[in-house]
Structures are given as C-alpha cells and as structure tokens.
Amino acid sequence: MVAQRAGAPPPPEPLVSGIIPPLVDSYLERMETGVDLKAGLSAGQTVVLTHGEETESAPAAQGGTGKTQLAVEFTRALRNTGAVDVLVWITASSRDAVSAGFARAASAVGAGDPDADARDAAGRFTAWLARAERRWALVLDDLADLADLDRRWPAGPNGQVVITTRLPAAAFGLGAHAAAGGLRIAPVGGFSRREALSYLSSRLTDYAEQRIEALDLAEDLDGLPIGLAQAAAVMNANRMSCQEYRAQFGERRAYMSGRPVPGASSAVLATWSLAAECAHQLVPAGLAWQALALIATLDPHGIPGAVLTSPAACAFIAGRPSSATGADQDLARMAITNLAQAGLVSIDPANAIRTVRMHRCVQAAVRAYLPPADTDRVLVAAADALVQSWPEPGHDRNGTRELDQALRDCAVSLRAAQRAQGVQGVQGVQPGADDALLLPEAHPLLFRLGRSLEDNRLGDSAMTYWQSVVAATSGRLGPVHDDSLAARERLAVAYESAGRFGDAIAMFAGALGEWERLHGPEHPDTIAARGRLAHAYAGAGLPAEAVEVYERMVADSSRQLGLGHPVTLSARTGLADAYAEAGRAWESLTAYQMLSVDTERLLGPRHPTTLAARDNLAAAFLANGQTAEALGRYKSLLADYEATSGRDHPDTISARARLASAFRRSGKPKDAIALYKRVLQDRERTAGPDHPDTIAARANLAFAYQQAGRLNEAVQQYERALADGERYLGPDHPMTQTVRGNLEGARRA
C-alpha cells in the first residue's frame with residue numbers, strides 16, 4: 001500500500017456503487033497465506049479468489065477462509081490511495097443480484113436508462129467497462145454460478161476485477177472468459193501456523209496463561225479463520241484459556257461428528273455450538289437462540305437493521321406480542337449484540353441496509369438444529385418482519401434500490417430455508433415446513449417479493465417467479481382462491497411486460513371470468529381485473545377490443561367507485577388512448593377534454609393526475625391538427641410545472657421538451673430550435689453531458705435543425721450525439737442507432 005505524504009490532501013473519493021462490507025476489527029494482514037491484490041493486480045486483470053486446499057475442518061462448500069475480507073481490504077487500499085475513479089461492489093449470489101447490481105452501477109456511471117430492463121442495463125454496464133476511460137475496480141463477491149456472467153463478463157483496459165467464489169478453480173478454465181488475458185486463480189486457505197498464532201495472540205490478552213496451547217488450537221481448526229474467530233470470541237467472553245477451550249472443543253467435536261450438517265464441518269459445528277451457548281448465557285440471558293434462528297433464515301450477506309427491530313422480530317425474540325417499542329427494540333439489539341460478542345454475527349452499525357451478517361455455514365448449522373416445532377414460527381416471523389420493513393412498491397424507486405435488493409435477497413434466502421426445512425435436517429423430515437407461507441393463505445411476502453422483481457425491471461425473473469407462485473397457490477389453496485387468482489394476474493402482467501400478449505390476454509380473461517363468478521361484475525376486484533385485460537388488449541395492438549372492455553370498465557367504475565376514484569380516472573385515460581389508437585380521433589379528443597375538466601374540478605389544476613390529463617389533452621389537440629389550441633395548452637402546462645416544481649425539475653424540463661416538439665410539428669422551426677437549445681442546456685446542467693436524456697435532447701435539437709434546412713448545424717449536433725451515445729450507451733443502443741441513421745440522412749442531404 002502506498003503511504004500518503006504527510007500534509008498532502010487526501011485523495012479524491014471514488015464514485016462507489018454497492019455496499020462494501022466492513023473490515024472486521026480483528027482483521028489480520030495475511031503476509032504468508034493472503035493475496036496482495038493491490039500490488040499484484042494490474043489494470044485489465046481479473047483475480048478469482050477460490051477455496052484453498054480442502055481439509056477436514058475446511059471443506060470447499062463451507063467457505064470461511066477469509067476471501068471476502070481480502071476483497072474488502074483491497075477496496076480500502078484503493079480508496080486510501082485514490083487508485084480508482086469508480087469502485088463497484090456486487091453481491092453475486094444469484095443471477096438476479098448480478099443483473100440488478102450491474103443495472104445500479106450503470107445508472108451510477110451515467111450509462112443507464114431508467115426505463116430499460118435490468119438485463120439490458122447490465123449489458124450496457126459491461127459495455128461501459130470495456131471502453132471506460134476512467135479507472136475502475138469491480139468486486140463480485142460470492143459468485144454462485146459462472147453462468148450468471150454469461151455475455152456480461154466484466155473486462156476493460158482500465159479496470160481491475162476481483163471475484164470471490166466457492167466454485168472450484170477448474171470452473172474458470174471453461175468458457176469465453178478463459179481465453180481473455182489477465183485471468184488469475186488465487187486459492188485462499190486457512191491461516192499458516194504463524195498467522196494463526198499471531199491472530200490468537202492479538203485477540204487473547206486478558207491474562208498471560210490465556211494463550212497456553214494456542215498453537216495446538218490453531219492446528220485443531222486447521223487455521224480456519226471463521227473457527228478461530230468464534231473460538232477467540234468465546235474465550236474472551238468467558239475468560240477462558242486455549243487449554244480450557246480445547247477440552248470443551250474436543251468433546252463437542254466428537255459429539256457433532258455423529259450429527260453432520262451439509263456445508264459445515266464437525267470442527268465448525270463445535271465452535272458454533274459453543275458460541276451459541278455462550279451467547280445464550282449473556283445478559284439478557286435466554287434470547288440469543290431466538291435471534292440466531294431468525295437471522296439464520298435471512299440473507300447471509302446482510303440484513304437491514306429495521307427488519308430485526310420490527311414488531312414481528314421483536315415479538316419473536318422477546319417471546320411476547322410487541323409493537324417494537326423502545327424497550328423491546330433494546331432487547332432485540334442486546335440479543336444480536338450478544339451474538340456478535342460470541343462471534344456468530346458481525347454488525348455494521350453505520351449501515352442501515354446491510355447491518356447484520358451471519359456466515360452461510362453458521363446459518364446452515366442453526367437451521368439444521370432448529371427444533372421441528374419452531375420451524376414454522378421462525379419462518380412466519382421472518383416473513384412478517386420483511387413485509388413490515390419493505391417500502392411500498394413505487395415509493396422513491398431510485399432511493400430504495402439498495403434496500404430493495406437487500407430485502408429481496410432476504411426473501412429469497414427465506415424461501416430457500418423454507419424448502420430446505422421441508423427436505424431433511426438433523427431433526428428429521430419437516431413435512432409441514434413447505435406450507436408455512438401458504439396456509440391458511442398466501443403470505444403477503446410472496447406477493448411483495450414478486451412486485452420487487454417487477455419494480456426493478458427483472459422481467460425474466462419475475463415471470464419465472466410468478467409461475468412458481470401460481471403453481472404453489474393453485475396446488476395448496478385451489479385454483480379459484482383469491483390469492484391464486486391474484487398470482488395468475490401478476491403472471492399475466494409479467495407476460496405482458498415480456499411482449500407475450502397472447503398468453504397475457506388469455507390469463508387476464510380467465511382471471512376476469514373467475515372474479516365475476518366469485519364476486520359479481522361490479523365488485524372492485526372485478527373492475528380492476530377488467531382494466532388489466534383492457535390494458536393488455538391495447539398493448540397487443542387490438543384497440544377495438546380495448547375500447548369495448550374500457551367502456552364497460554368506465555361505466556362500472558364511475559357508478560360503483562365514483563368519477564374521482566383513481567381506478568375510474570385510469571380507466572378513462574385508457575379509454576381515451578384506445579379511441580385514438582382505433583382511429584376514433586374525435587371521441588378520443590372529447591374523452592380527454594372531459595377527463596381534463598373532471599380532474600381539475602375534483603383534484604385541482606396542479607395535481608399530478610390533472611397535469612397528466614392536461615398533457616394528454618394537448619397531445620390530442622396536436623394530433624387532431626388543432627395546433628394553436630395545442631400550443632396554448634402546452635405553454636400553460638409548462639408554466640404550471642415551473643410554478644409547482646421549479647424550472648430545473650426533470651418534469652418541468654420534459655414539459656419544455658414537449659412544447660418544443662409541438663412547435664416543430666406546428667411548422668414553427670425558429671421557436672422549436674430556441675426551446676430545444678434551452679432543453680439541452682437544462683439537461684447538461686442538471687443531469688450531466690453523459691446522461692441518456694442529455695443525448696436525446698441533443699439529437700432532438702439536431703432533428704429540428706435538419707427539418708429547418710440548417711444541415712451543417714444538424715450534422716454537428718448529430719456527430720456529438722452519436723459520439724456520446726457510442727461512448728456512454730454503447731453502439732447498439734436503440735438511441736445510438738437512431739442518431740446514426742439520422743446523421744447519415746443529414747449528410748446525404
């Protein structure tokens with residue numbers, strides 16, 4: 001690591017995407033068995049940290065050799081020396097996590113598109129890495145499956161990649177990435193004898209005799225960092241010597257050898273069980289096991305603190321009903337702190353999103369030894385805690401993406417734990433565990449998880465997920481149960497998003513028929529189901545069918561819910577759009593006019609729904625050839641956006657861009673060009689020159705120049721937009737391709 005010169009200003013902080021775990025307080029710099037990533041990893045190279053030599057105490061499936069901590073130390077060195085401009089940390093435990101992490105990183109570096117599918121955004125990020133001029137480093141922690149990086153292998157001349165994984169080293173000798181230069185495999189095993197002795201000596205400082213037989217204990221544990229950490233924690237908590245601990249460890253290891261757990265050696269099972277007993281005895285005594293069981297069902301890479309102090313979590317840990325009052329939250333925090341004191345979890349108090357971590361092999365041990373009678377209670381309590389902590393769908397999506405990812409990872413871990421408990425553990429088969437979240441009805445977490453996949457534009461995963469929920473609810477609750485119908489409709493939404501309109505329409509129509517049969521044609525759920533079917537017809541390019549369904553929906557909703565109800569207003573908007581698509585322009589314009597009048601009267605002139613209705617009406621006038629009326633309404637709309645949101649708000653700038661477009665389409669090129677220039681300046685100032693909206697604004701200005709016959713100016717702007725599009729969005733992005741085609745046309749002209 002390069003030392004910073006005394007008195008020199010600190011290096012600039014890199015742009016960071018993702019949540020980097022903390023370096024543990026007891027971290028030991030591994031001079032003999034570690035990997036010096038900072039000195040040994042050059043630009044354009046990739047290092048894969050795999051499991052070292054397998055031993056009885058350290059099977060590969062167990063992990064616990066310190067790979068993640070080496071990667072964390074690497075990121076700290078990069079930040080301290082200012083060695084990179086962009087630093088990305090992604091937990092790569094699933095394909096969804098990789099896609100979502102790449103999409104968030106794409107947005108952070110300005111290569112993203114808020115409306116793009118996460119898979120496309122991930123592709124744009126890898127394209128950005130390949131051509132980025134800024135220095136960057138990427139850590140993919142706990143890569144679960146090499147296939148998750150298919151067609152998105154990260155590489156670039158100015159980047160460094162670190163991958164930690166439990167996959168065998170041989171797996172990285174296959175595939176396209178193996179041919180890429182700079183790929184190095186670095187096995188990470190346990191501490192050497194000297195390192196293990198140094199580690200225990202630094203941790204055990206209570207009294208001189210405490211370290212007697214420290215080297216023997218290190219050999220008992222094959223130098224495994226996770227085992228040594230738990231052993232040292234217990235010895236410090238109980239003021240115990242290595243000699244005393246070894247006596248207990250030997251007895252416990254012999255006992256655990258007869259009760260094996262997949263993914264955990266008998267040595268780690270012994271250190272874990274001694275640590276669990278220690279935590280359970282710490283004040284407040286008797287709460288540690290409940291906290292341990294709850295955490296063991298959630299994501300090992302970090303659980304939000306709010307989940308573990310929610311009413312459901314507090315009630316489960318305290319063993320009594322709770323509203324998460326201060327006293328109950330203090331009890332929960334003390335129980336979790338006791339787990340940390342015993343070496344069973346790590347706590348990052350500065351991080352509200354990935355606050356508490358528990359190693360995967362410790363989780364496996366806890367779940368395997370969970371009494372059968374407690375299984376369902378733990379699963380339901382954890383599911384309740386997640387739902388109570390999860391923001392509503394669509395709430396500040398950009399500001400909650402990391403939290404959404406953490407909660408989604410926890411929910412996925414919970415479902416995996418549920419399935420595992422239904423198979424086999426040391427306590428025997430748990431036949432009812434698979435139904436914990438399905439009986440007597442589907443737990444809300446099942447729907448919240450699916451909506452999170454949709455909100456984060458993980459379309460393929462959402463489709464697969466809803467298919468599994470439909471099968472589960474139909475099988476356990478029956479095909480016409482309300483939860484089964486709701487799951488079928490979410491699957492239909494996923495089909496619609498994927499462009500499978502035939503499947504979506506068939507499923508929406510079937511669900512609508514069941515809602516009508518069960519609740520009647522004018523029940524709110526039936527009305528909403530009718531709207532989803534109409535929307536699918538419209539998306540499939542069947543406006544006549546959409547009009548028919550929307551007309552019925554508007555009539556029923558207006559009568560049952562009222563003119564100002566959001567469902568009614570949405571239905572009326574859909575009907576006006578469907579009229580326009582069906583070529584019924586006058587009816588569309590009339591519908592938009594009535595909607596604009598009603599929303600202004602019911603909600604006020606500057607309510608978001610009213611502004612949207614006024615915007616649609618202006619567009620309808622423009623499409624109908626009534627340009628003067630359209631321009632007047634666009635100007636009025638822009639003035640109201642400026643008054644309510646400010647001149648530089650994205651919604652205001654978008655309204656300004658629509659007025660510019662209206663000027664252009666109305667044959668007023670001078671006014672259009674002047675306003676497009678203003679929009680471009682606004683986008684550059686507020687979003688930056690590399691943002692997709694800025695590139696689009698420049699392309700629109702170029703198009704206005706082209707239509708006005710000012711071809712030299714058009715070519716100049718197109719060339720700049722094309723260069724920016726290729727640099728920041730990639731050469732194959734639809735916007736880049738459109739700009740390239742328009743530039744060729746302008747040059748020919």
Q: Establish, from distance only, whether the side-chain atoms of Asp404 and Ser452 form a donor-acceptor pair under 3.5 Å.
A: yes

Q | Whether over 12 other heavy atoms sit under 6.0 Å from Met735 CE | A | yes

Q. So, does Thr590 use its side chain to make a donor-acceptor pair with the main chain of Trp586 at under 3.5 Å?
A. yes

Q: For the residue pair Trp153 and Thr126, establish whether any side-chain heavy-atom pair is separated by less than 4.5 Å.
A: no

(Q) Can you confirm whether Asp724 sits close enough to Thr736 that some side-chain heavy atom of one is under 4.5 Å from a side-chain heavy atom of the other? (A) no

Q: Check whether any side-chain N or O of Thr46 sits under 3.5 Å from a backbone N or O of Leu183 as a donor-acceptor pair, and report yes or no.
A: no

Q. Short question: side chain of Asn456, backbone of Leu458 - any donor-acceptor pair under 3.5 Å?
A. no

(Q) With heavy-atom distances below 4.5 Å as the criterion, would you say the side chains of Tyr718 and Arg740 are in contact? (A) no

Q. Are Gln716 and Asn712 linked by a side-chain donor-acceptor pair shorter than 3.5 Å?
A. no

**Q.** Between Arg664 and Gln707, a side-chain donor and acceptor under 3.5 Å
**A.** yes

Q. Can a donor-acceptor pair be found between the side chains of Gln681 and Tyr676 at a distance below 3.5 Å?
A. no

Q.
So for atom CZ, which belongs to Arg119, do other residues, nucleotides or ligands contribute more than 12 heavy atoms lying within a distance under 6.0 Å?
A. no

(Q) So for atom CD, which belongs to Glu684, do other residues, nucleotides or ligands contribute more than 12 heavy atoms lying within a distance under 6.0 Å? (A) yes

Q | Gln737 atom CD, neighbour heavy-atom count above 12 within 6.0 Å | A | yes

Q) Does the side chain of Arg457 come under 3.5 Å of the side chain of Ser497 through a donor N or O and an acceptor N or O? A) no

Q) So, Ser596 and Arg633: side-chain donor and acceptor under 3.5 Å apart, yes or no? A) no

Q.
Would you say that Glu402 contacts Arg104 through its side chain, given a criterion of any heavy-atom pair below 4.5 Å between the two side chains?
A. yes

Q.
Quick one: does any side-chain atom of Ser570 pair with a main-chain N or O of Pro566 as donor and acceptor, under 3.5 Å?
A. no

Q.
Side chains of His607 and Leu611, heavy atoms from C-beta outward: is any pair under 4.5 Å?
A. no

Q. Val86 versus Arg135: any side-chain heavy-atom pair under 4.5 Å?
A. no

Q) Counting only N and O atoms by type, is there a donor-acceptor contact under 3.5 Å from the side chain of Asn700 to the main-chain atoms of Ala696? A) yes

Q. Without hydrogens or angle criteria, can the side chains of Trp136 and Gln160 be said to hold a donor-acceptor pair below 3.5 Å?
A. no

(Q) Here's a test for you: under side-chain contact (heavy atoms from CB on, under 4.5 Å), which of Thr165, Leu149, Thr164 qualifies with Leu140? (A) Leu149

Q. Taking Ser99 for the side chain and Ala118 for the main chain, is one N or O donor matched with an acceptor at less than 3.5 Å?
A. no

Q | Check ion pair Asp682-Arg678 (N to O, under 4.0 angstrom) | A | yes

Q.
Is any side-chain heavy atom of Leu589 closer than 4.5 Å to one of Gln626?
A. yes

Q. Going by atom types alone, do Arg606 and Thr644 pair a side-chain donor with an acceptor below 3.5 Å?
A. no

Q.
Donor-acceptor pair, distance only, cut-off 3.5 Å: does the side chain of Asn158 make one with the backbone of Ala132?
A. yes

Q. How about Glu13: does its CD atom have over 12 heavy atoms from other parts shown lying under 6.0 Å from it?
A. yes

Q. Less than 4.5 Å apart, any side-chain heavy atom of Arg710 and any of Val715?
A. no

